[in-house]
Visitor: 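This is the structure, below, for whatever I ask next.
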Amino acid sequence: MPASFYKEGVSTSEPFSDPSFPAAAGSDDSYLARLNPEQRAAIETTDGPLLVLAGAGTGKTRVLTTRFAHILLTGRARPWQILAVTFTNKAAREMRERIGTLLGSPAEGLWLGTFHALCARMLRRHAEVVGLTQSFTILDTDDQLRLLKQVMEPWRIDTKRWPAPGLLGAIQRWKDRGLTPARVTPAEDTDFANGHARAIYEAYQTRLRQLNACDFGDLMLHVTEILRSQPDILAQYHRLFRYILVDEYQDTNTIQYLWLRLLAKNSSGQSNICCVGDDDQSIYSWRGAEVENILRFEKDFPGAQIVRLERNYRSTRHILGAAAGLIAHNGERLGKTLRSGRDDAEGDKVSVTAVWDSDAEARAVCDTAERLRGQGHSLAEMAILVRAGFQTRAFEEQLIQSGLPYRIVGGTRFYERSEIRDAMAYLRVLAQPADDLAFERIVNVPKRGMGPAALQKLHAAARADGVSLAIVTPRLLDNGTLKGRSGEQVRALMNAYASTHDILAREGHVVAAEHLLEESGYLDMWRQDRSPEAPGRLENIKELIQALADFPTLEAFLEHVALVMEKDENAQDARLSIMTLHGAKGLEFDCVFLPGWEEGVFPSQRTLDEGGLKGLEEERRLAYVGITRARKLAMIFHAGSRRIYANWQPSMPSRFLEELPDEHVSRHTSGGRQQRGLQAAQSLFSDGPVVASRTRRPSNADTPAPFQPGDHVRHARFGVGIVLSADRHQVEIVFETAGTKRLLSSFIEKL
DNA sequence: CGCCGTCGCTTTTTT
DNA sequence: AGCGACGGCG
């Protein structure tokens, strides 16, 4: 993140030193060349509300960035008068870079960032309105939970029935909907902890304010409250932002929508807001996103124009055809048909491969990847996209065996590692002695004899004096309340802080951080640790200290970490990527492997149970996202049985497979030994709708069921058993050892 | 105060 | 099966 991110952007004294601006206006519009008419419309319709429905691979990012540049180059606004919002830091970074390229100079002083980063910036300016100071801290999930647990204590809630994470979730959902404690109606309060949820929420917010802290949801909530209640502040932003650009609008939740609408609807009635999104790629409803926001756009912003980007420049015709056929099964859509923007690309059909079990699936995927590499495809251009994290393990093991380099995208992130969180907590106390949560985290790491009981005493004393833990502790040491062995160790910690403050003033934050972690004994704790992970942890802490050097101050660094939570990855060497379908949104690859297309896995049973038809449609959109990641090859796999937790479970092909139009799909079986069963599995696709068997229709099809109740049968995995019931596709069998299972008849051998 | 055993859960995830 | 959280015991 460039240092410019921290610059204040509201004042009109914002430096802008690009000599080419605005001289370029009108004189050179070469940046508009080679755009198709819809893209040009999306860029040149600058005034009034505009919704750009941008299908996968239709040049969305290009449109967004070119539009931004266009507004600047035609002199419609200065760089800091455009508000540009994205969901991820990655998207913000990419946009910033591309705008810089278009303008020919690094884009500085922009209001371009994620919802949360922009809100953090606004909140720092107006913190006092909601009872915080400008230097408030942003809590991570760990801190939130610990704080909530503390707050919950007086209620004596049965945490078995009402676990704290559940309540935290409820609070987050309220915040996502723009509900402060005061706005939560009694009717909404009944579902948690016997109706105490709202009261606890209120106490939690009070405690946050005492700590001069806010959680992630608060960034949006507080700023929206400020804009709602302070007309003068709102007017200030109305004057400032002449244009608003929003990426991934289909993923906005209610509070983000409210925030945007407040900023967009100024008194003059003119809203130059441009939202870009794709209702077919809305896959985050489970965390509060409201597709309705995009479906409702025309009503929210009267006179809105709509531009559809439907020409896809990414994928082959077969990939587009398969994806279009699939998504056509969804109900509520704004209606958009991807068509190929290229004349060349017929390409290969999307392949659907039936395999015996999840092991065979991993083998098939690895073998194919190896073969494709042999044909000249780089591993960097291949990805395995899974529905859920547990699926990655099988592929990892197989890839290791095959010696193919891979990377798991989206595992535990750097700033979530416990040693990094510890080190961060040390730094937070340094920057912000009022940060009790950070203090609590580190006061007994390494062990200093400060258990819960001792902490209680600290808390009591701090509350009595009305100061924070880090402030009250030296007093307790001086007046002898804290003494003995643990007292000495805590004294050493406080001395470490004292000397670090001196060093911070004299030598800067990098040296100070190193000094603090050294003097406090934290680094020694890991040096003395004999566990195999310890050296890696020390290495991570070293990296953390190095990362500090990229920031002007300790505070800037802490803010960055709180908002970004990611570290720049190393160079992209040629590795195959494994990631979830959610993680793959916005990315593209030549060759995409889509394993696990089985009922229960994908669509996920849980989503179906909880979300019903809406859930199913979201899963289908996820499938659509998966297929459209592929430029050249999309390869789907499904297995006949899969290991889930401890035991093997039979599995049915995903209903999505039948929804793929035959003319764009080629269906195969794969794998060695169980050839007969696999051929039978393939026949599933040729002799009738699989859906019939799934809905457990009795055997009324024209062909008789292949098995009768009482038949003795064998299954390669589960052994010998007796048929209980059977229809044309499915057989229910009691096995001697494996219990009762429903299986595809094609995998069963008659004895 | 800290360790060990048992219980329960187990999708997706950004910020 | 495997991990994390809590509770009881030493």
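Numbers restart at 1 for each chain; the letters A, B, ... are given by sequence-line order, proteins then strands.
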Visitor: Which whole-number value in Å describes the distance from A/M152 CE to C/dC6 P?
Guide: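 After rounding, the gap between these two atoms is 11 Å.
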Visitor: Restricting to ring pair (Phe, Tyr, Trp, His ring centres under 6.0 Å), what partner residues turn up for A/F602, sequence neighbours left out?
Guide: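 Scan of A/F602 (ring pair (Phe, Tyr, Trp, His ring centres under 6.0 Å), adjacent residues dropped) gives A/W597, A/F656.
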Visitor: Quick one: A/D251 CG to B/dT15 P, roughly how many Å, whole number?
Guide: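 Distance, rounded to whole Å: 12 Å.
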Visitor: Does OP1 or OP2 of B/dT13 have a side-chain N or O of A/T580 closer than 4.0 Å?
Guide: yes
Visitor: Describe the nucleic acid contact of A/M579 in one word from base, sugar-phosphate, nothing, applying a heavy-atom distance below 4.0 Å.
Guide: nothing
Visitor: Round to the nearest Å and state the distance from A/R387 atom CZ to B/dT12 atom C1'.
Guide: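 One finds 5 Å between C1' of B/dT12 and CZ of A/R387, rounded.
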Visitor: Between B/dT15 atom P and A/R121 atom CZ, what is the distance in whole Å?
Guide: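 A/R121 atom CZ is separated from B/dT15 atom P by 18 Å.
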Visitor: Can you check whether A/F136 and A/H222 have ring centres sitting under 6.0 Å from each other?
Guide: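 Not under 6.0 Å, so no.
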Visitor: Tell me, please, whether A/Y284 has A/R287 positioned over its six-membered ring: NZ or CZ under 6.0 Å from the ring centre and within 45 degrees of its axis?
Guide: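 Yes.
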Visitor: Rounding to an integer number of Å, can you tell me how far A/F216 CZ sits from B/dT13 P?
Guide: 17 Å
Visitor: Output the single nucleotide from B/dT15, B/dT13, B/dC1 whose closest atom is nearest the side chain of A/Y284.
Guide: B/dT13
Visitor: Rounded to the nearest angstrom, tell me the gap between atom CD in A/E416 and atom C1' in B/dT15.
Guide: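 Atom-to-atom, A/E416 to B/dT15, this comes out as 11 Å.
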Visitor: Polar pairs (N or O, both sides) under 3.5 Å between protein and nucleotides 7-10 of chain C?
Guide:
none

Visitor: So A/Q172, base contact, sugar-phosphate only, or nothing? Heavy-atom distance under 4.0 Å.
Guide: nothing
Visitor: Quick check on DNA chain B: between A/A453 and A/G583, whose nearest nucleotide comes earlier from the 5' end?
Guide: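 On the 5' side of the pair lies A/A453.
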Visitor: What is the distance, rounded to the nearest whole Å, between atom CG of A/N444 and atom P of B/dC3?
Guide: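 Computing the A/N444:CG to B/dC3:P distance gives 11 Å.
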Visitor: By centroid distance (under 5.5 Å) and plane angle (under 30°), are A/W286 and B/dT12 in a stacked arrangement?
Guide: yes
Visitor: For a quick test of reading the model: is some side-chain N or O of A/N89 closer than 4.0 Å to OP1 or OP2 of B/dT15?
Guide: yes
Visitor: Looking at every heavy atom in both A/A639 and A/D357, which two are closest together, and how far apart are they?
Guide: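 Closest approach of A/A639 to A/D357: CB-C, 3.5 Å.
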Visitor: Donor-acceptor pair, A/Q391 side chain versus A/A388 backbone, under 3.5 Å?
Guide: yes
Visitor: Determine whether a donor-acceptor pair (N or O, by modelled atom type, separation under 3.5 Å) exists between the side chain of A/T392 and the backbone of A/G389.
Guide: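 Yes.
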Visitor: So does A/K149 get a side-chain nitrogen or oxygen closer than 4.0 Å to the phosphate oxygens (OP1/OP2) of C/dC6?
Guide: yes
Visitor: Between P on B/dT13 and CG on A/L385, what's the gap in Å once rounded to a whole number?
Guide: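 In whole Å, B/dT13 P lies 12 Å from A/L385 CG.
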Visitor: Between A/R228 and A/E225 (salt bridge meaning N to carboxylate O under 4.0 Å), is one present in this structure?
Guide: yes
Visitor: Classify A/G389 by what it touches in the nucleic acid, base, sugar-phosphate, or nothing, heavy-atom distance under 4.0 Å.
Guide: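 A/G389: backbone/sugar contact only, no base atoms under 4.0 Å.
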